[in-house]
Protein chains: 2
Amino acid sequence: MNVTGHTRRPASIRDVATAAGVSYQTVSRVINGHPSVKPTTRERVLAAIDELGFRRSATALALASGRSRAVTVLTANTTHYGYASILQGIEEAARAESYAVGIGVLESADEAAIAAEVRRAADTGGGLIVIAYDPAGVRALGAVPAELPVVGVVETPASPPDPGHPWVWADDREAAYQATRHLLSLGHETVHYVAIPSSTRRTSARTSGWRQALREAGAPESRPVQGSWGPAGGHAAGRKLARDPAVTAILCGNDDLALGVLRALHEAGRSVPGEVSVAGFDDAPHSAYLTPSLTTVRLDFTGLGRSAFALLHGVLEESARVDPHPVSVPELVVRESSGPPPATV
Amino acid sequence: MNVTGHTRRPASIRDVATAAGVSYQTVSRVINGHPSVKPTTRERVLAAIDELGFRRSATALALASGRSRAVTVLTANTTHYGYASILQGIEEAARAESYAVGIGVLESADEAAIAAEVRRAADTGGGLIVIAYDPAGVRALGAVPAELPVVGVVETPASPPDPGHPWVWADDREAAYQATRHLLSLGHETVHYVAIPSSTRRTSARTSGWRQALREAGAPESRPVQGSWGPAGGHAAGRKLARDPAVTAILCGNDDLALGVLRALHEAGRSVPGEVSVAGFDDAPHSAYLTPSLTTVRLDFTGLGRSAFALLHGVLEESARVDPHPVSVPELVVRESSGPPPATV
DNA sequence: GACCCCTATGTGACCGGTCACAATCCTGGC
DNA sequence: GCCAGGATTGTGACCGGTCACATAGGGGTC
């Protein structure tokens, strides 16, 4: 029955209190579901709340109680498929717990800029989730003050930049291992690798999974070709590889790189999968519709995001602690872009 | 010189005040750059701030002053290229003005769910930007209470769902018009259209731009084929169109749809652009690397996001009002997927 | 009937800032 | 030397909630 007219200041608990003829504390008890409130009183208060259109101020709640029910996600990018999916997963889980989701983009990998961004995020209050798949993210994770509740979404669980912080990860190493084994099992002598920018100075999880598969098979190892995140990087790398007739199988650090590689091979007149097999990483939505459709490894980014939030939620609230390090299992998706090597050598 | 040890409560302005030997109000004046503070005093306060590592609480600021320096972006999706790019643009502009960016995903188009999400966003305080490219977004924009500062990113400026709210838009109509003209100019008798889900019950801006070009050229008009957002929808639509030998040119509502169409044509054995020309919409990063590379219309989504924020910023703060309805000019990008129709009919 | 405990409710202080107003200091003009 | 008036600085109340503690009524129990 909200027949109010003018744009006026929203109702506070004191407004509700006077309307219901009780004290503000009683109103507070009602909205918090405190047990010892007489049913009739509760009814009266609820009616007043309804009539005045009262909504509890998140700001005041945060200030008074300390707990803010908010997460800020720090990421280097929002447009890449993997990042965007993780974000979507976080948002989904956060919404279910009625947490607010904030986002901060780490535009530059510059120490000072990152520190500033981390401070800004910290000012917001609440928890932090840092997507640390790239140098900027890794630095940001490292720059988070120890007392702040934070969860990292990392590439390599073996080397968390800051041991005090919990993290989630997808098993990239296993995924790369599987993809490489798949290519080797088709008969390729070896597999070349086009890498995404490494998150650390050391080799990435994807790189080491690839290498491990080669070693186990006794296949010759080549240096990974350094790519970027997008198709342009893959295209450049693909041009180099296309010139080498010995190259018959290429694993790419993500599907966008693979797309660029595919294009470069096409331009060089090398057929896929006839002459060269290509495998991607991530199973982006478009990969199934490329021509040739792309063999890749599917990772559950959305689930990863949800896990990250669940973990943070556990850190923030005593209530439901969760399994510290959930791992999603990668799934090899074989499509048209991979096949046996050319018959004769 | 922050040699503090334990994890203790962050410093407040009163802590700074006692440390500097002044009143809390003076500290407030210093952090707000108020002119009438004696330089020596200011120095002392700044030193204390530095030493205690003081950071002004955004929460307390918001509560006390009312202004919250925050934007919440409401969107149906974060993973699609266009949406993600708009978001990135908003974040970029917001960061420059040191605004916090929140995000809420409209998972369902259900009225109640949307209303709940809008309320949640409103609770956060600050401004709202609603990406109203789809039914969920349009509804959300409509559900925003009149007193809330909000900017819509809409598809069709002609019919803003709520006239009270300002909006920005990219000239989708012009873009579709250009793309259609391009295909017609190559000699195609007509152009078929695979549509994205319309944001309104009426036809979308893209649809009407396409139709206008057909009318002006006196080309026969067909009913738009209803697609979805992703490549799967395009694939389904493409299969239908591939069966009709009269179809020689297809415009798609976005690049993902075009990808699906391309794939369907390939599977049906119809060559692109030999037998059929295809054009997309948006110029997603991967479109240049497809085979054939995709003719499309580039839209400056990031710029659109920046404009949206600028507009909201103007609404929120008296200071710098901006040009109410900035429009970015679409740019036709001709690539391999479009060409003249087959020689004989 | 005194005593105790539990239920139901109210009161004052506080979270960390801002705002409006009062109080003090200093300086120039006459 | 006195006073107006701007420059500086301080005080109390408030934003909208929460928290810790006090207060008033009922039942039991002995």
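Reminder, nothing fancy here: chain letters follow the sequence lines and each chain counts from 1. FYI, side chains are in, hydrogens and waters are out, and symmetry mates aren't considered; it's all heavy atoms of this structure.
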From [atom1] of [X] over to [atom2] of [N], roughly how many Å is that when rounded to an integer?
X	N	atom1	atom2	answer
B:K38	C:dT24	NZ	P	16 Å
B:L63	D:dC15	CG	C1'	4 Å
B:R69	C:dT18	CZ	P	13 Å
B:L61	C:dC15	CG	C1'	14 Å
A:R9	D:dG17	CZ	C1'	13 Å
A:I13	C:dT9	CD1	C1'	14 Å
B:H34	C:dA20	NE2	P	12 Å
B:I49	C:dG17	CD1	C1'	13 Å

For A:S57, which contact category applies under a 4.0 Å heavy-atom criterion: base, sugar-phosphate, or nothing?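 If one applies the 4.0 Å heavy-atom cut-off, A:S57 turns out to touch the sugar-phosphate alone, with no base involved.
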Within the 4.0 Å heavy-atom criterion, would you say B:R42 contacts the bases, only the backbone, or no part of the nucleic acid?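 Answer is nothing: B:R42 stays at 4.0 Å or more from every strand.
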Parallel, tilted or perpendicular for B:F309 and B:H313, by the 30°/60° rule?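 Correct class here is parallel.
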Indicate the ring-plane relationship of B:W169 and B:W167, choosing parallel, tilted or perpendicular according to the 30° and 60° boundaries.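 Because their plane-to-plane angle is over 60°, the rings of B:W169 and B:W167 count as perpendicular.
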Let me confirm one number: the [atom1]-[atom2] distance from [X] to [Y], rounded to the nearest 0.5 Å.
X	Y	atom1	atom2	value
B:S68	B:L63	OG	CG	11.5 Å
A:I86	A:I131	CD1	CD1	4.5 Å
A:R14	A:S28	CZ	OG	10.0 Å

Using a heavy-atom distance cut-off of less than 4.0 Å, which residues of residues 18-31 of chain B contact DNA chain C?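 The answer is B:Y24, B:Q25, B:S28.
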A:R55 and A:P10, any side-chain heavy atoms less than 4.5 Å apart: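 Contact flag for A:P10/A:R55 side chains = no.
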Between A:E317 and A:R69, is the closest basic N to carboxylate O distance under 4.0 Å? yes
Does A:T41 put a side-chain nitrogen or oxygen below 4.0 Å from OP1 or OP2 of C:dT9? yes
Taking only the side-chain nitrogens and oxygens of A:R56, find out if one of them lies under 4.0 Å from OP1 or OP2 of D:dT18.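 Answer yes for this pair, as a side-chain N or O of A:R56 is under 4.0 Å from OP1 or OP2.
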Let's see if you can work this out: which of D:dC15, C:dT18, D:dT8 has an atom nearest to the side-chain heavy atoms of B:R14?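 For B:R14, the side-chain atoms sit closest to C:dT18.
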